[in-house]
Structure formats: structure tokens, C-alpha cells
Amino acid sequence: MTGRDGLTPTWWALVALVALGIVLTVAAITLVPWRVPSPTRAERAAALADVPAGVVTRGRALHAALRPSSYGSLLVGLVVPLLLGLTPAGARIVVWVGLPFGGHWLAQALVGGLVIMMMLWLVALPFSAWRHSVLRDYGLSTQDWGGWAADLFKGCAVGAVIGAVVLGGFYTLTQLVPDWWWAFGAVGAAVVVVLLSFVFPVLVEPVFNTFTPMPAGPLRDELRMMAARDGIPVRDVLVADASRRTTGLNAYVSGLGRTRRIVVYDTLLREAPPGEVRSVVAHELGHTRDRDAELAALVGAIVAAAAVVALYLLGQWGALLRRAGVNSIGSPTAMGLVLAAVAVAGLVSGPAQNLVSRRVEARADRHALRLTGDSAEFAAMQLRLAEVNITDVHPPRIEYLLFATHPDTVDRLAAARGPSRSR
Ligand SMILES: [Zn+2]
């Protein structure tokens, strides 16, 4: 047993991390819809035969063209943080930008954070430009370079504001309570995740899109009635002017309780017949009904809290701190090291997050099929999505496991066909 002298902040942090790990495991086992059936190989083969050859080839070609920029941005997103964190480079930059402010920690945190964010953004920039040019070549992006740059700038501004709040808050804590910041930080991180999940979308949506009420008519009535039948009353059905930047088709349900609304892309209304719009909205209602956003926020909050505690424990590793040229992980000069840890953790946990996401999406598909009772419309919509969004309907296994947040088109078509007759 550990004596009273053993009850150090580090010991408590270990206890907290184990407890959060247990909660996360229980949440993952009980709340993720693992039991939604996956199609068999025969069902997938039958579904693939339904996809026109041209759609398969074009999706494959686009994804081959995007691959270098995807892997490139993944690589620089990992290598640059590692260079900043596992060498004294990150610490030197933060110290240097803090000099005009007398080396005050708050200046180091805010200005240093801004400079490092700009660096990460700049190294990723060529890859996003490359990606945009491929999407334009394929007609998937309708945005000219001016609009693209404007979006990029808006994204940067939003990121800088959030970054300043997070960095300012985090380093205020590490300065005020050097031994216990992890406890307050864990609670704070969980709160920030919940806020970002529910408040942020409502605040940020209007920065990027304009929303107008869907004109009165049979489709709007049908969507509202379907939502009501599903036990999810909505206040509004809105149309987003997504065609400003994309030809992609989508819809979503946002807001909570009385502010809940269905948002449909104008591209979807233009491209798809009403029955298919209904099937997309029914999928989104499935997310709302099964509280998938709440599940994501809960899991995200636990993970964020655990990450803060783990970061504190990582800071007990002397050799790592020496490598980064810092005294404490709680110092703004260790920002590069923190970023490196976040980048590695993100890379490692990404496939697990995507696995959970695919299960949740498969459940929403099943919900859509039940709610509309129309598997033909659902399958037609999946084919249209694959064609218009130029989807790789059956991506390479390894990329599917690493990156796919949704079941692939072939899986979704197989779900619509139901169990094959041979069984
Ligand atoms: Zn979905």
C-alpha cells in the first residue's frame, strides 16, 4: 500500500488516468453500436455489381490523384510537430517571440502559439492548394482561388481565436497551479469539447454559409412530417448555399431541442429527386434520434480529459524534457513538445475513432431504411452520392481502416439490398 507520502500529484494523476481509461472502455463497449450487422462478402460482391463501371473508375482515379496531397499533409502534420517538440527548435521559437515582451509567459503562450500555428498552416498550405486544384480539375469544387483563399483565411481566423482562448487558459492554469493544473485542465478540456460540439457549429455555420428557409411545398411538408413521425420535431427546414464551393451533396440536422433544424444543401435539392432527399434526411434524423452527436461529445470529452492528464504524466519524463530543451511541460516553451504529443496521439487514435464512426454511420443507414421503408430510393441515393461526390466506392482496405469515417458505398448498397437470398 502507498503511504501518505506517496499521495503526490503524480500518483493522483495516474489514478485519474486509469479511472478515465475505465470509463472510456465502458462507454465504448456499451454505447457504440457494435451489433449493427456488417454485410457479408457475397452481399458486397452483389452490391458492387450494381455500381456502373464508369463510377467505379472515376472514383478510383480521383482518389489516386488526391493521394499524394493527402499523404503529404499527413506527413508534414507529423514531422513538423516532431521537429519542434523533439529538438530545442520549438522552445527557441517561443523564447524568441517572447523577447519583445520581456519574456512574459502570456506573450510566449499567445504570440508563440500564433507563430507556431502559422508555421504548421504554411507547411500544409501547398498540399491544400494541390488538393483544391485536383478537386477543381474533377469539377468537384466550384470555388475559384479567391473564394478558396477567403475560406482559408476565415478558417485561420476562427482557429486563431479558439487557439488563443485554449492556450491562454491552459498556460494560466499551469502558472497558477503548477502541480495540479492537470486536474483543472482535464475538466476544462472536457467542457471545451462539449462547447465546441454544440455551441460552435451554430456560431460558425453562418461564417461559411448562408441559410434560407426551404420554400413551402410538398417536400418541406414531407420532411417535417417524417421528422415528427420519428419523434424529432424540427423548427425549420433550411437550405444552405453549399453550391458556392462544392458540387457535393449533403444534409444534416443541427441545434438542440426547440432550435433543431434540418439543413439541406442546395446542391442536393438541385440534383436529387424528393425520394432521395428524404432518404438522406432520414439518415440524419437517425443520428439525432440515437444521440450520436452526444455520444461523440461524451467520448471526446473523456478523451480530452485523459489527454491532459497523460500530458502531465509525460512531463515527468526528464529525458524527454531535456531533448526539447525545457524545464517543465507546463511552460509555454514546451509548446512544441505538446504539439508533438498531440500529433502522435491523433495519428494513433485516428483509426479507432474512424471505426466507431463507421459503426455509428451504419446504424444511421439502418434507421433511414426503416424510417422511409424505401430501400430502392436509399440505394439510388447512394449511387448518386458516389457519382456526384466522385467517391471511391470500394477503397483499398488499408486506407479504409485508416481514414474512412463512413461505410463505403458498396457496404451501404449491400445494407439496402438486405441479406442476400442465398442465405
Ligand atoms: Zn451520417
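Order of listing sets the numbers, starting from 1, for every ligand and every atom in it. Side chains included, hydrogens not; waters and symmetry mates left out as well; all remaining heavy atoms used.
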Worksheet entry | N, O or S from H283 under 2.8 Å to the Zn ion (ligand 1) | yes
The atom of E361 among N, O or S that is nearest the Zn ion (ligand 1) is OE1
W181 vs Y312 aromatic rings, parallel, tilted or perpendicular, using cut-offs 30° and 60°? perpendicular
Subject >> Backbone of A242 reached by a side-chain donor or acceptor of T246 within 3.5 Å >> reply: no
Parallel, tilted or perpendicular: ring planes of H406 versus H283, cut at 30 and 60 degrees
parallel
Tightest non-hydrogen contact, residues L84 and I116, listed as CD1-CG2, 4.0 Å
To the Zn ion (ligand 1), the closest N, O or S atom belonging to H287 is NE2
